[in-house]
Amino acid sequence: MAKIINVVKGTHDILPQEVEQWHILEKNALEIFSRYGYKEIRTPIFEVTELFARGVGDTTDIVNKEMYTFEKSERSLTLRPENTAGVVRSYIENGMSRLSPPVKLWYKGPMFRYERPQKGRQRQFHQVGVEMFGVKEPAADAEVILMAVDYLKSLGLDDLEVEINSLGCPKCREEFKNNLKAVLKPEFDNLCEDCQKRYEKNPLRLLDCKVESCKAIFEKPEIQKVIQSDFICEECADHFAKLKSYLDTMQVKYTVNKLLVRGLDYYNRTVFEIKSNNLGSQNAVCGGGRYDSLVKNLGGEDTPAVGWAMGMERLNALLPVPELKKLNGYIVSNSPVEALELAQKLRKEGYRIEFDLSNKKFTKQLEKASKVADYALILGEDEIKAGKVSVKNLATSEQKTVSIEELRSIL
RNA sequence: GCGCCUGUCGUCAAGCGGUUAAGACCUCGGAUUGUGGUUCCGAUAUGCAUGGGUUCGAAUCCCAUCAGGCGCCCCA
């Protein structure tokens, strides 16, 4: 036998028995998001590399070490690692800033990140996400979070934890970063290797380090004082307070997590995650926030925006696997022409029908019918002569001979 | 990129240096030439991820490679 070819590491097949789950995710997305006025958009799977470098941020891990990048005709192209940058590109390119705001878009599809696979993390994975453009008020943040919760509820997931935080605007965040670096400077040599890198690259990320020795350092009172301080400016604080009050009135349960930072550069003010306790260490099903400067950074007009993305594999991991639908009927017959005619007639009316294509023995056909269908439609010589069909309920073993018209009231 | 664990039929597995490589499920055939789901018989790995090595002898021990799992980092 020839050598077998396997799936690429970190990718996997979505097999027929699990595909119904995906249909549910997609159907509910379309249904729920359209209630909030969202329209679906589909952007290409690959884009010019520069889009992600400028969009996602070239200090991020995603851009630095996780992109599938290739050259074609002297252009550097990249398989999308996320879809916000692509949607923003399309928004700008298609002149959507001329549309009356807010512009609300949703998407679903595969994303690609070159990471070490583990539970809840593949190299090709799927996200469903939403982006809203043109509203700077906190009501937009609240609506977007509310919709995420609504969508999760529609899937039967209502025991998830919503965490929110505010990163402030570039101005006040810069101040906070400087304060944090200043107070940590004496401890720099005691930080773990990763934290020393973070100290330079992205000081906000220092806060959720899991190394015990670092945690201990962060517990020190003078450092806690900086971490716990409400560093954000008055405007940002007001935005955050309003968001919280909206969520309160809508009875969305949340916790404020001051350590919630998120790894993409484009976020400002509101960030949030929705987590599950049943997913292992990759426990976020949803992540998002506000990104008011991204559109401008990618060459568009200054446009505020909020959005989030959910990992569809992670959602599926929390959902039960639905049973595959059985056939309505399986035709048992040794007369292929008559069987085919009956099958086509019923299929045209919307029934799920199969019959034996290889003319096996009667008992074998019936055995097959009992496995795959609710009813066996027996079409033997007697039935054909009489212009009828014998219908057997395979669960109850009840059988009667009826005309094709009567058959419809049974199936 | 780093750390720990694991690779025996389509699936779940037993085996722990000398076996004919158990068993179960699935699949296929038969008992059963118009009545299934129960039952009973039978078939299906010259092969143990791949390549080396140790040994009289390797699925079993060692090394490398590949793949998978989990964790770190990061993220959905």
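Here is the naming used below: chain letters follow the sequence lines, and residue numbers restart at 1 for every chain. Please read these numbers as outputs of a predicted model, since none were measured by experiment.
The phosphate of B:rG69 has neither OP1 nor OP2 within less than 4.0 Å of any side-chain N or O from A:Q118. Side-chain N/O atoms of A:R121 include none lying less than 4.0 angstrom from OP1 or OP2 on B:rG71. Distances shorter than 4.0 Å separate some side-chain N or O of A:K371 from OP1 or OP2 on B:rU27. Put simply, A:T60 has no side-chain N or O that comes within less than 4.0 Å of OP1 or OP2 on B:rC74.
With P as the reference atom, B:rC40 and B:rG34 are 24 Å apart, rounded to whole Å. Taking the C1' atoms as reference points, B:rU60 lies 13 Å from B:rU54, given to the whole Å. Comparing B:rU20 with B:rU6, their C1' atoms sit 29 Å apart, to the nearest whole Å. For the P atom pair drawn from B:rA22 and B:rG30, the interatomic distance equals 26 Å after rounding to whole Å. Comparing the same atom, P, in B:rG15 and in B:rC72 gives a spacing of 32 Å after rounding to whole Å. Rounded to a whole angstrom, the distance from the C1' atom of B:rA59 to that of B:rU50 is 14 Å. One P atom belongs to B:rC62, the other to B:rA21, and the distance between them is 23 Å to the nearest Å. Distance check on atom P: B:rC4 versus B:rC9 gives 27 Å, rounded to whole Å.
For A:I378, the listed nucleotide lying nearest its side chain is B:rU35; candidates were B:rU35, B:rG36, B:rC73. Listed candidates were B:rC74, B:rG34, B:rG29. Nearest to the side chain of A:D382 is B:rG34. Closest approach to the A:S397 side chain among B:rC70, B:rG29, B:rG37 is made by B:rG37 (side chain taken as heavy atoms from C-beta onward). Nearest nucleotide to the A:R198 side chain, out of B:rC74, B:rG36, B:rG29: B:rC74. Of the listed nucleotides (B:rC74, B:rG36, B:rG30), B:rC74 has the atom at the smallest distance from the side chain of A:D61. The side chain of A:K360 lies closest to B:rG29 when the candidates are B:rG29, B:rC74, B:rG34. Distances from the side chain of A:S281 to the nucleotides B:rC74, B:rG71, B:rU35 place B:rG71 closest.
Across all strands, A:E115 comes closer than 4.0 Å to base atoms (heavy-atom distances). Residue-level contact check: A:E273 touches neither bases nor backbone, having no heavy atom under 4.0 Å from any strand. Backbone-only engagement by A:G287 is indicated by non-hydrogen atom pairs under 4.0 Å involving sugar-phosphate atoms exclusively.
The aromatic rings of A:W22 and A:H126 stand perpendicular to each other, their planes meeting at an angle above 60°, with 30° marking the opposite boundary.
Base orientation for B:rG29: anti, the chi torsion being more than 90° from 0.
Under 3.5 Å, the side chain of A:T363 and the base of B:rG34 form no donor-acceptor pair of N or O atoms. No hydrogens or angles were tested; on distance alone, nothing pairs the side chain of A:Q399 with the base of B:rG34 as donor and acceptor under 3.5 Å. Side-chain atoms of A:K9 stay outside donor-acceptor range of the base of B:rG68, with no qualifying N/O pair under 3.5 Å. Between the base of B:rU33 and the side chain of A:K361 there is no donor-acceptor pair shorter than 3.5 Å.
In this model, a donor atom of one side chain and an acceptor atom of the other lie less than 3.5 Å apart for A:Q118 and A:S281.
Base pairing annotation: B:rA59 forms no Watson-Crick or G-U wobble pair, as no partner gives both donor-acceptor distances under 3.5 Å. Base pairing of B:rC66 is made with B:rG7, judged by Watson-Crick or G-U wobble geometry with both donor-acceptor distances under 3.5 Å. Pairing for B:rU35 is absent, with no Watson-Crick or G-U wobble pair whose two atom distances lie under 3.5 Å. Nucleotide B:rG1: paired with B:rC72 (Watson-Crick or G-U wobble, both distances less than 3.5 Å). Using the Watson-Crick or G-U wobble rule with both distances under 3.5 Å, B:rC28 pairs with B:rG42. Applying the Watson-Crick and G-U wobble criteria (two distances, each under 3.5 Å), B:rC16 pairs with nothing in any strand.
The aromatic ring centres of A:F33 and A:W106 sit less than 6.0 Å apart.
Judged by a 6.0 Å distance limit and a 45° cone about the ring axis, A:R123 is positioned over the six-membered ring of A:Y114.
Within a 6.0 Å radius of CZ in A:R408, other residues, nucleotides and ligands contribute more than 12 heavy atoms. Shown here is A:E349, whose CD atom has more than 12 heavy atoms of other residues, nucleotides or ligands within 6.0 Å.
With the nearest nucleotide of RNA chain B identified for both A:E398 and A:Y114, A:Y114 has the one nearer the 5' end. Two residues, A:G380 and A:Q122, neighbour RNA chain B, and the one matched to the more 5' nucleotide by heavy-atom proximity is A:G380.
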Listing, residues 128-146 of chain A side-chain donor-acceptor contacts under 3.5 Å, not counting sequence neighbours, or none:
residue : atom : partner : partner atom : Å
A:E131  : OE1  : A:Y291  : OH           : 2.3
A:E131  : OE2  : A:T84   : OG1          : 2.8
A:D141  : OD1  : A:R290  : NE           : 3.2
A:D141  : OD1  : A:R290  : NH2          : 2.6
A:D141  : OD2  : A:H239  : NE2          : 3.0
A:D141  : OD2  : A:T270  : OG1          : 2.6
A:D141  : OD2  : A:R290  : NE           : 3.0
A:E143  : OE1  : A:K104  : NZ           : 2.9

Begin with the C-alpha distance, continue with both residues' side-chain angles, and end with the deciding distance and a verdict on side chain to side chain contact (heavy atoms under 4.5 Å, CB included) for A:L247 and A:V162.
CA-CA 11 Å; A:L247 292 177; A:V162 180; 5.8 Å; no
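Between the CZ atom of A:R116 and the P atom of B:rC74 there is a distance of 17 Å, rounded to whole Å.
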